[in-house]
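Chain identifiers are assigned alphabetically (A, B, ...) following the order of the sequence lines, protein sequences preceding nucleic acid strands; residue numbering begins at 1 within each chain.
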2 protein chains.
Amino acid sequence: MLSYTTHDLVQAFPIFDESLADFIIEHGESKLFSAGEVMMRPGQFFKYAMLIVKGRVKLYREGVEGEEFFMYYLENGNACALSMLCMARNQSSTIMAVALEETEVIMIPIQLMDSLMKNYPTWYHFVIETYRSRFEELLTVVDHIAFKNMDERLEWYLKRQASSLGNDLMLTHQQIAHDLNSSREVISRLLKKMEKNGQISMERNTIHWLG
Amino acid sequence: MLSYTTHDLVQAFPIFDESLADFIIEHGESKLFSAGEVMMRPGQFFKYAMLIVKGRVKLYREGVEGEEFFMYYLENGNACALSMLCMARNQSSTIMAVALEETEVIMIPIQLMDSLMKNYPTWYHFVIETYRSRFEELLTVVDHIAFKNMDERLEWYLKRQASSLGNDLMLTHQQIAHDLNSSREVISRLLKKMEKNGQISMERNTIHWLG
DNA sequence: TTACTAAAGTGACATATATCACACGAAGAA
DNA sequence: TTCTTCGTGTGATATATGTCACTTTAGTAA
């Protein structure tokens, strides 16, 4: 039993109808992750589908030698597609998820999925939409690494960051290099160019997106 | 009304139970694509979910300047995750699908999805499994282009081709270069190395995978 | 056979990115 | 203040891959 009102939940997940929201409030569990906490790691199994109510989660892929590669953020109103997929198949996750800020999630036990699917069409539409949007996002990621050079990838990266975190990005060049699986020097040089072009301005630890 | 027997269908899609197979036979439509035919292109809308009964479909992403990038094959027993996702949202596709051989599909009209989801748990499990496996495949693709050099990517590519098409691959170096968004000369040189290492042998138009 | 075409091989060079080495300056600690 | 650390700037160089020009070879058509 969660402490949300139906209204809260429908506000965060506008696609839900009231009966679905009630059901989730009745049967869901709530969990709080603190900033920096790992929410999901490769090899982990899931017994819950996770809905993000508050906060921000960074999803990234890990390479065999510990490289990182940023995929996307999950925010208020999103669900973790992978938790749903893995849970449904009792398969282990293949991705890292880390809370960027304090993050509040609703956890829906696996046993309820069949009945949700069966009885709440808006749930099923929500699930489909979750898969679809993540799938598309992943396709866009593939596009960029397959077809684009680092300058365009960096630009796209900053654009996404800005639309998710706001125009003042507290990022070091090193962090960006990690997220793009590149190196700091390369990123520094490309940022310099973007600054000259008037696309960004820079301070220590911060990049201002002027899009 | 399709001309399959329940038994045929359950053989191709072992996860289906008999009542589901019956329902699909009753309400699905059948369609034949000839080799080389485009089954799906970016911008196209879907009114059907597609199940592949026979043949082989190549899915790839197109770059803005016409570059290609191979993603995966769909074969007997697979469904097209994207057709299901796009259909469900009435969104347009973002990927190219081309029949490699003569390919037979069952098309399930969008109006039936809700009732399938509601009444046939094995359908819903099938859909989830379809999403999950394609999502994972896409993650693996991301891994390779994000973290690996061309030699490893080529090796992985050939391995996948071999496991899908058999060990004698009728591919030109140029085709491979397209699929990996690289250039023929690079692929030729890398193949030469692999031949020296005893991983493959080559003839004109053919590569023998010796894995 | 000869001629033609598509596939494949190969050297030279161009470019993007990675790596190394080191300098500089801002912010925080002592 | 001084010292230290961390983020950043920058040149030199290495490496992987892309591009160009040309040759060779295998299959095929005439």
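Residue B/Ser182 places at least one side-chain N or O closer than 4.0 Å to OP1 or OP2 of D/dG18.
Within 4.0 Å of A/Asn181, counting heavy atoms only, lie sugar-phosphate atoms of the nucleic acid but no base atom. Using a 4.0 Å heavy-atom cutoff across all strands shown, B/Thr172 reaches sugar-phosphate atoms only and no base atom.
Between A/Tyr157 and A/Phe70, the angle of the ring planes goes over 60°, which puts this pair in the perpendicular group of the 30/60° scheme. Between A/Trp123 and A/Phe126, the ring planes lie tilted relative to each other; the angle falls in the 30° to 60° range.
Rounded to an integer number of Å, the gap from CD1 of B/Ile145 to C1' of C/dA16 is 17 Å. If you measure from atom CD of B/Glu65 to atom C1' of D/dG18, you get 15 Å, rounded to the nearest angstrom. Protein atom CD1 of A/Ile176 is 12 Å distant from nucleotide atom C1' of D/dT8, rounded to whole Å. Atoms NZ (B/Lys148) and C1' (D/dT17) sit 18 Å apart, rounded to a whole Å. A straight line from CD of A/Gln175 to C1' of D/dC6 spans 12 Å, rounded to a whole angstrom. Atom-to-atom, CG of A/Asn149 to P of D/dT19 comes out at 10 Å; the value is rounded to the nearest Å. Between B/His173 atom NE2 and D/dG18 atom C1' the separation is 18 Å, expressed in whole Å. One can place CD of B/Gln174 at 12 Å from P of D/dG18, the figure rounded to the nearest angstrom.
Applying a 4.0 Å cut-off to non-hydrogen atoms, the residues of residues 185-209 of chain A that approach DNA chain C are A/Glu185, A/Val186, A/Arg189, A/Arg204, listed by residue number.
In this model, no side-chain donor or acceptor of B/Arg184 finds a partner on the base of D/dG18 within 3.5 Å.
For B/Lys47 and B/Phe45, the positive end is not near the middle of the six-membered ring at less than 6.0 Å and at most 45° from its axis. Annotation: cation-pi geometry satisfied between A/Arg134 and A/Tyr72 (NZ/CZ under 6.0 angstrom from ring centroid, within 45° of ring axis).
By the 4.0 Å N-to-carboxylate-O rule, A/Arg56 lies too far from A/Glu102 to be salt-bridged with it. Between A/Arg61 and B/Asp143, at least one side-chain nitrogen of the basic residue sits less than 4.0 Å from a carboxylate oxygen of the acidic one, meeting the salt-bridge criterion.
By the neighbour-count criterion of 12 heavy atoms within 6.0 Å, atom NE2 of A/His178 is sparsely surrounded, having that number or fewer from other residues, nucleotides or ligands.
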